[in-house]
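Note sheet for the following structure.
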Amino acid sequence: YANPIHWFSIFNSFMMVIFLVGLVSMILMRTLRKDYARYSKEEEMDDMDRDLGDEYGWKQVHGDVFRPSSHPLIFSSLIGSGCQIFAVSLIVIVVAMIEDLYTERGSMLSTAIFVYAATSPVNGYFGGSLYARQGGRRWIKQMFIGAFLIPAMVCGTAFFINFIAIYYHASRAIPFGTMVAVCCICFFVILPLNLVGTILGRNLSGQPNFPCRVNAVPRPIPEKKWFMEPAVIVCLGGILPFGSIFIEMYFIFTSFWAYKIYYVYGFMMLVLVILCIVTVCVTIVCTYFLLNAEDYRWQWTSFLSAASTAIYVYMYSFYYYFFKTKMYGLFQTSFYFGYMAVFSTALGIMCGAIGYMGTSAFVRKIYTNVKID
């Protein structure tokens, strides 16, 4: 049984999604229609008129928009990891809805670890194919970084907290055998499966098939207003996705830190769907504004503007710690903030990958439909 606040929060988020999707569709359809009309009119002009005309907008960067992102190795590893986290979240929530995982202690965690290891080919496929499309040469290095990015972050944090737990003789210390088992899973399950995914990704969708040719020399990015700068777009991008999951975060935190049983996985599934839709809508709008300002650095901007949701979640965890928990001391504080950092980062990488994937489809779509000489 879910309380009325839960229903109300879901309803609220759902209304926000309908509003956002409607807004995005309206803005983009109206603006893009206007843009297409303007560009087709320009095509009918002769060269003299076109030289005198004030060409501006997203069509101007068609020769640079499909340029590889800066640091493609890290970028493709993050995208691959984000796709894997999304797949894990989806599968674990579905399993929890069917199997009642909340009845046994630790069953949720063991299911998540098993599913994470099993979905490693997803990471390899998306990360490897993106790296190949961006012209990356060091694919084995990319595969290793993609495979160990999340496990290294989780294990590093867990080991650090473990040392503090051993020092305090706390019951929360992870046994040495468990640590060895996790390392074995990383090397003997996650890595080979990641390799399979990477090889598949490189061979099946590793060829760059962009709708526009990439210019040999990048065009200079013109001056623009301060609120069009990528840094500002990134900071603002996470507010709406965080707003859509804000109430659900409270229930998840309470089940995790106040040890109450969380059992409404149907709600969690709805919230995940809402989060995906809001994230994609927001990043598409952010990217459209950026491209209209003739700034073609959209890859990292779309990823980071969606990933900045994690910053707001981590800021909320500070509020939750000081006002909702009764934790104190070095061990409890490091335990709480360490694992909240891991949770927030994983959520951020997932949102970033979802945002980038949605935006990538949008960018490809608008440049496919426009005639370019």
Side-chain angles (χ1 to χ4, degrees), residues 9 13 16 74-75 77-79 81-86 88-89 92-93 108-109 112 116 149-162 164-165 172 230-260 262 268 271-272 274-276 278-280 282-283 286 300-356:
S9 76
S13 302
M16 188 165 99
I74 301 290
F75 185 71
S77 302
L78 284 168
I79 297 295
S81 300
C83 293
Q84 186 181 3
I85 296 169
F86 176 66
V88 171
S89 310
V92 169
I93 293 172
M108 194 76 182
L109 185 63
Y116 185 86
L149 192 68
I150 303 292
M153 180 183 77
V154 175
C155 293
T157 309
F159 291 171
F160 169 70
I161 292 166
N162 219 34
I164 299 172
R172 286 264 159 194
V232 179
I233 290 175
V234 164
C235 290
L236 297 176
I239 295 174
L240 279 175
F242 172 67
S244 69
I245 58 169
F246 169 70
I247 307 242
E248 202 61 27
M249 280 293 120
Y250 172 77
F251 288 105
I252 293 168
F253 284 16
T254 306
S255 77
F256 202 74
W257 300 113
Y259 304 107
K260 294 204 172 127
Y262 185 94
M268 203 191 256
V271 168
L272 183 66
I274 287 170
L275 174 66
C276 293
V278 172
T279 303
V280 169
V282 168
T283 43
C286 291
W300 274 107
T301 309
S302 66
F303 177 82
L304 292 172
S305 63
S308 65
T309 309
I311 297 166
Y312 296 102
V313 170
Y314 200 57
M315 279 158 58
Y316 176 66
S317 76
F318 276 82
Y319 161 80
Y320 189 86
Y321 177 82
F322 290 113
F323 294 101
K324 300 289 179 188
T325 68
K326 295 181 175 64
M327 293 184 184
Y328 60 90
L330 174 67
F331 172 58
Q332 288 189 339
T333 307
S334 59
F335 187 78
Y336 177 86
F337 285 112
Y339 282 119
M340 281 318 304
V342 168
F343 172 77
S344 302
T345 309
L347 181 75
I349 293 173
M350 181 185 86
C351 289
I354 292 166
Y356 169 76

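All values reported here derive from a predicted model rather than from experimental measurement.
Under the 3.5 Å distance criterion, the side-chain polar atoms of Tyr336 are matched with a main-chain donor or acceptor of Ser317. For the pair Ser344 (side chain) and Ala341 (backbone), a donor-acceptor distance under 3.5 Å is absent. Between the side chain of Tyr314 and the main chain of Phe337, a donor-acceptor pair closer than 3.5 Å is present. Looking only at distances, no side-chain donor or acceptor of Thr301 sits under 3.5 Å from a matching main-chain atom of Pro230.
Atom CD1 of residue Ile164 and atom CD of residue Gln332 lie 12.0 Å apart, to the nearest 0.5 angstrom. In this structure, the separation between CG on Leu347 and CE on Met340 is 9.0 Å, given to the nearest 0.5 Å. Taking OG of Ser305 as the reference point, atom CD1 of Ile239 lies at 11.5 Å (rounded to 0.5 Å). We find the CE-CZ distance between Met249 and Phe242 to be 8.0 Å, quoted to the nearest 0.5 Å. To the nearest 0.5 Å, atoms CD1 (Ile85) and SG (Cys351) are separated by 9.5 Å. With rounding to the nearest 0.5 angstrom, the CG atom of Leu304 is 8.5 Å from the CG atom of Leu78.
Counting only heavy atoms from C-beta outward, the side chains of Pro151 and Tyr116 approach each other to under 4.5 Å. Between Tyr312 and Ile245, every side-chain heavy-atom pair lies at or beyond the 4.5 Å cut-off. Taking the side chain as every heavy atom from C-beta outward, Ile354 and Leu275 never approach each other to under 4.5 Å. Put simply, the side chain of Thr345 reaches to within 4.5 Å of the side chain of Met153, judged on heavy atoms. Side chains of Phe303 and Thr283 form no contact here, defined as non-hydrogen atoms less than 4.5 Å apart. Taking 4.5 Å as the limit, every side-chain heavy atom of Val88 sits out of range of all side-chain heavy atoms of Met350. Using a 4.5 Å heavy-atom threshold, the side chains of Trp257 and Lys324 count as separate. Contact check for Trp300 versus Val234: no side-chain heavy atoms found under the 4.5 Å cut-off.
Aromatic ring orientation, Tyr339 versus Phe335: perpendicular (interplanar angle above 60°, classes split at 30° and 60°).
With a 6.0 Å radius and a threshold of 12 heavy atoms from other residues, nucleotides or ligands, Tyr328 has its OH atom at or below the threshold.
Taking the six-membered ring wherever Trp is involved, the centroid distance between the rings of Tyr356 and Phe75 falls below 6.0 Å. For Tyr321 and Phe318, the gap between ring centers reaches or exceeds 6.0 Å.
When all heavy atoms are compared, the tightest approach of Leu149 to Ser81 is CD2-OG, 3.6 Å. Residues Ser308 and Gly238 come closest through the heavy atom pair OG-N, 3.0 Å. Residues Gly355 and Ala306 approach most closely at CA-CB, 4.2 Å, considering heavy atoms. Pro241 and Val282 get closest at one heavy-atom pair: CD-CG2, 4.3 Å. Minimum interatomic distance between Ala353 and Cys83 (heavy atoms only, all atoms of both residues): CB-N, 3.8 Å.
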Dump the intermediate steps for side chain to side chain contact (heavy atoms under 4.5 Å, CB included) on Phe86 and Leu272, then the final yes or no.
CA-CA 9 Å; Phe86 176 66; Leu272 183 66; 4.2 Å; yes

Please walk me through it: do Thr325 and Phe253 pass side chain to side chain contact (heavy atoms under 4.5 Å, CB included)?
CA-CA 10 Å; Thr325 68; Phe253 284 16; over 6 Å; no

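Inspection of the Thr254 and Tyr320 side chains reveals an N or O donor paired with an N or O acceptor under 3.5 Å.
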